[in-house]
Visitor: 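Below is the structure I would like to discuss, written out as structure tokens.
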Amino acid sequence: MKQSPSNINKLTNFEKRVLEKVSEIPRGRVVTYKILAGAVGRPKAVRAVGNALNKNLSLIKIPCQRVIRSDGELGGYRLGSRNKLRLLEKEGIKFSGQNKVEFFKKFIYKF
DNA sequence: CTATTGACGACAT
DNA sequence: CATGTCGCCAATA
């Protein structure tokens with residue numbers, strides 16, 4: 001069998017570590033890209049972490065919608081931030097009123 | 001090796 | 001609050 005050369009998702013070590021960590025986040029909880037970066041031992045590789053999540057083709061299995069920005073914004077999502085929002089709402093995280101950063105604090109998951 | 005690309009963050013304006 | 005800028009970093013071309 002010819003296994004498509006550059007098709008199959010080949011994840012680097014770093015990317016795997018990131019996705020693996022994300023899998024630990026429980027339903028209804030979130031972490032920031034920054035926290036995640038620190039959790040994989042690369043506290044400054046925040047942007048790289050985001051790029052890694054972008055390679056998550058198993059959105060069903062890996063809940064990367066639970067990774068948001070430090071400024072309280074949702075951040076990106078492969079299938080559109082609109083979907084990200086919905087998924088989070090389904091988990092009981094529906095933004096209401098006040099300061100965004102403050103709001104999300106009560107949902108932050110500690111690795 | 002160099003340049004570019006981003007689901008980011010912190011800070012200045 | 002809305003931009004812009006700069007720093008960071010892994011992956012890619």
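A, B, ... follow the sequence lines: proteins, then strands. Residue 1 opens every chain.
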Visitor: Return the value, rounded to whole Å, for the distance between atom CG of A/N56 and atom P of B/dG6.
Guide: 18 Å
Visitor: Taking A/L74's backbone N and O only, do any of them form a donor-acceptor pair with A/K84's side chain (distance below 3.5 Å, no angle check)?
Guide: yes
Visitor: Would you check if the side chain of A/R78 reaches a backbone N or O of A/N54 as a donor-acceptor pair within less than 3.5 Å?
Guide: yes
Visitor: Kindly say if A/K55 contacts the phosphate of C/dT12, meaning a side-chain N or O under 4.0 Å from OP1 or OP2.
Guide: yes
Visitor: Using a 3.5 Å distance criterion without hydrogens, assess whether the side chain of A/R29 forms a donor-acceptor pair with backbone atoms of A/I108.
Guide: yes
Visitor: Between C1' on C/dT12 and CG on A/L11, what's the gap in Å once rounded to a whole number?
Guide: 15 Å
Visitor: If only atom types and distance count, is the side chain of A/N56 paired as donor or acceptor with the main-chain N or O of A/I62 below 3.5 Å?
Guide: yes
Visitor: Are there any protein N/O atoms within less than 3.5 Å of an N/O atom in nucleotides 3-7 of chain C, and if so, which ones and at what distance?
Guide:
| unit_1 | atom_1 | unit_2 | atom_2 | d |
| --- | --- | --- | --- | --- |
| C/dG7 | O6 | A/R47 | NH1 | 2.7 |

Visitor: What's the CG-P distance between A/N51 and B/dA7, to the nearest Å?
Guide: 7 Å
Visitor: May I ask you to list the residues of residues 83-111 of chain A, by number, that have any heavy atom positioned under 4.0 Å from an atom of DNA chain C?
Guide: none
Visitor: Pairs in or reaching into residues 100-109 of chain A: which pass side-chain hydrogen bond (donor to acceptor under 3.5 Å, both in side chains), with residues at least two apart or in two chains?
Guide: A/E73-A/K100, A/E102-A/K105
Visitor: Keeping to residues at least two apart or across chains, list the ring pair (Phe, Tyr, Trp, His ring centres under 6.0 Å) pairs with something in residues 10-42 of chain A.
Guide: none
Visitor: Taking salt bridge (charged side-chain N to carboxylate O under 4.0 Å, His left out) as the test, write out the residues that go with A/E24, two or more places apart.
Guide: A/K21
Visitor: What is the distance, rounded to the nearest whole Å, between atom CD1 of A/I62 and atom C1' of B/dA7?
Guide: 14 Å
Visitor: Indicate whether OP1 or OP2 belonging to C/dA10 is found under 4.0 Å from a side-chain N or O atom of A/T12.
Guide: no
Visitor: What pair of heavy atoms forms the shortest contact from A/V101 to A/G72, and how long is it?
Guide: CG2-N, 4.0 Å
Visitor: Check whether any side-chain nitrogen or oxygen of A/S70 sits under 4.0 Å from OP1 or OP2 of B/dC8, and answer yes or no.
Guide: no
Visitor: Could you check how far CG of A/D71 sits from C1' of B/dA12, rounded to whole Å?
Guide: 16 Å
Visitor: Can you pull out the residues from residues 14-43 of chain A that lie within a 4.0 Å heavy-atom distance of DNA chain C?
Guide: A/F14, A/E15, A/R42
Visitor: Closest heavy-atom contact between A/Q65 and A/L87?
Guide: CG-CB, 3.9 Å
Visitor: For residues A/I25 and A/P63, report the shortest heavy-atom separation together with the two atoms involved.
Guide: O-CG, 4.3 Å
Visitor: Going by atom types alone, do A/S23 and A/E20 pair a side-chain donor with an acceptor below 3.5 Å?
Guide: no
